[in-house]
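For the numbers below, each heavy atom of this structure counts, side chains included, while hydrogens, waters and symmetry mates do not. Order of the sequence lines sets the chain letters (A, B, ...), proteins ahead of strands, with each chain counted from 1. Just so it is clear, the model here is predicted, and its values are computed rather than measured.
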There are 2 protein chains.
Amino acid sequence: MSETYPSAERVYRELRRRIMTWQLPPGTALREVQIAADFGVSRTPVSQAIQRLRADGLIEPRGRRGVEVRRWSQRDLEDTYRMRANLEAWAARLAAERSDEVDLARLRTLADEMSELARVQPLDHERIAELNIEFHELVRSAAGSHRLVEALTTVVHIPLLHRVFTAFTPRQVIATCQEHHTIIDALQAGDADWAESITRAHILAALNALKGPRGLFAEVERAG
Amino acid sequence: MSETYPSAERVYRELRRRIMTWQLPPGTALREVQIAADFGVSRTPVSQAIQRLRADGLIEPRGRRGVEVRRWSQRDLEDTYRMRANLEAWAARLAAERSDEVDLARLRTLADEMSELARVQPLDHERIAELNIEFHELVRSAAGSHRLVEALTTVVHIPLLHRVFTAFTPRQVIATCQEHHTIIDALQAGDADWAESITRAHILAALNALKGPRGLFAEVERAG
DNA sequence: GGGCGGCATATTGCATGCAATAGCGGGTAC
DNA sequence: GTACCCGCTATTGCATGCAATATGCCGCCC
């Protein structure tokens, strides 16, 4: 984690992190000179990082000059979750057919920690989101398909994931944790159908929460 | 088409095109100075283009220095086609619910032209591939989901698509064209289930051909 | 003759400078 | 008072130069 990266890589990762966590909310303008000054580098690596963020779809042109953090529409979010439900359900199917005890043990650790946090009020949304992301990334990697991991990274790396739990009631957070345990059960049973369907349901439930009365769409629409 | 782009954009598009069409086959080393000389620009826009290609997953680090065109494994290709089958089937479902007569007319034109070419020996694989790509892109855009188009572009932009028909028997090429017409029928009927299932079958058939005796895997393996 | 070390070179990462341009603000004319 | 025009500045695109570093070759030593 404390590894040292080339400047361009470091700038890219940090900017992406800030966008994903909404430290840089949608619509924020990114100016090369200012970012370069912030990171203590020249404009060259910053420019390269911005190119990559553009390729990722995380930032978009701002009028005729400069770029800004992408503003997501409700439709973008809904479509993203539906694609994610498809791909991640498939990942769970593959994982059910090949995950080993090491994967399962790690998944259990994550799910247990998340379950404990779900019982603590007020909810630590940030930490819960991190554990949730880590859980799903682990399922994907347990599927053993490099391409699938790549595709899901691209499809999913939408800032929303880091905020999804603010849209959840405490009850829904607990339900989410239980679903994680169910996914683990399905993987352990090696039941591909079960793993696929519970995972799809799990992600569509998150989508439903996002569309609900506490949902993020209003906030996103406001920002957009 | 003859629009003038900034240097970095132009270099990116042209390099990507060459990679997709195998003018730059897997394993080819890309050196900034040489590319810069070819395009008559400096190394800066070339470097940015290479960053984007890396983000796309089209090129990968070459040992400790430089980059090369990505070598695809058989597993990469199979997984790509399975993800594509999922996402593109969903696109067809959406398209069935909303495509209009303009879309359908354009799809018919493409499918008709492709059918005619399928009867001409020897097969013009290059042109057939272009029409096929255009057909599927049009279905995706008819789905009306910007996110879906983005995701499929990323998932699908694997060089193989431009070569898939060399793995097909003339008989299979004709079958492909008939499937395109069937997809159009399903869209016109507004039958989402039909559109989804015929599209999934269509893409899995292509995968099967790729895995067959005339398949590309051997060639890819040789290149990789 | 083979292996190892060092140098020359190829190649990239980054900084900086220059040119182009879009947007803005002020000043002036009507 | 308003509208238009001109120039200024902020900002980006691109070129070039410099430094770091891997790589391969050649000679030397064992």
Is [Y] close to [X] at the side-chain level, that is, under 4.5 Å between some pair of heavy atoms?
| X | Y | value |
| --- | --- | --- |
| B:Leu204 | B:Arg82 | yes |
| A:Phe135 | A:Met114 | no |
| A:His202 | A:Glu88 | no |
| A:Arg70 | A:Pro26 | no |

Whole Å only: how far is the [atom1] atom of [X] from the [atom2] atom of [N]?
| X | N | atom1 | atom2 | result |
| --- | --- | --- | --- | --- |
| A:Arg54 | D:dG13 | CZ | C1' | 12 Å |
| B:Arg62 | C:dT11 | CZ | P | 11 Å |
| A:Arg52 | C:dG13 | CZ | P | 11 Å |
| B:Gln34 | C:dT9 | CD | P | 20 Å |
| A:Phe39 | C:dA15 | CZ | C1' | 17 Å |
| A:Gln51 | D:dG13 | CD | C1' | 10 Å |
| A:Glu68 | D:dT12 | CD | P | 13 Å |

| message | Check this one for me: any side-chain N or O of A:Ser42 less than 4.0 Å away from OP1 or OP2 of C:dA15? | response | yes
| field | Distance test, side-chain N/O of B:Arg31 to OP1/OP2 of C:dT11, below 4.0 Å | value | yes
Please determine if [X] and [Y] form a salt bridge, counting it only when a charged side-chain N lies under 4.0 Å from a carboxylate O.
| X | Y | result |
| --- | --- | --- |
| B:Glu78 | B:Arg75 | no |
| A:Arg108 | A:Glu101 | yes |
| A:Arg127 | A:Glu113 | yes |

| request: For B:Leu30, report the nucleic acid contact type (base, sugar-phosphate, nothing); a contact means any heavy atom under 4.0 Å. | output: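 Sugar-phosphate contact only - B:Leu30 comes under 4.0 Å of backbone atoms but never of a base.
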| message | Students often get this wrong, so: under 4.0 angstrom with heavy atoms, is B:Thr44 touching a base, only sugar-phosphate, or nothing? | response |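 If one applies the 4.0 Å heavy-atom cut-off, B:Thr44 turns out to touch a base.
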| query | When the nearest nucleotide of DNA chain C is assigned to A:Gly40 and to B:Glu32 on a heavy-atom basis, which residue is associated with the more 5' position? | reply | B:Glu32
| query | Which angle, to the nearest 10 degrees, lies between the helix axes at the two ends of the helix from C:dG1-D:dC30 to C:dC30-D:dG1, each defined by five pairs? | reply |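 Rounded to the nearest 10 degrees, the bend comes out at 0°.
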| task | Side chain of B:Arg43 only, please: which of D:dT12, D:dG17, D:dC14 is the nearest? | result |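 So the nucleotide nearest the side chain must be D:dG17.
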| task | Test for a donor-acceptor pair under 3.5 Å between the base of C:dT21 and the side chain of A:Arg65, counting only N and O atoms. | result |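 Answer yes: a donor N or O sits under 3.5 Å from an acceptor.
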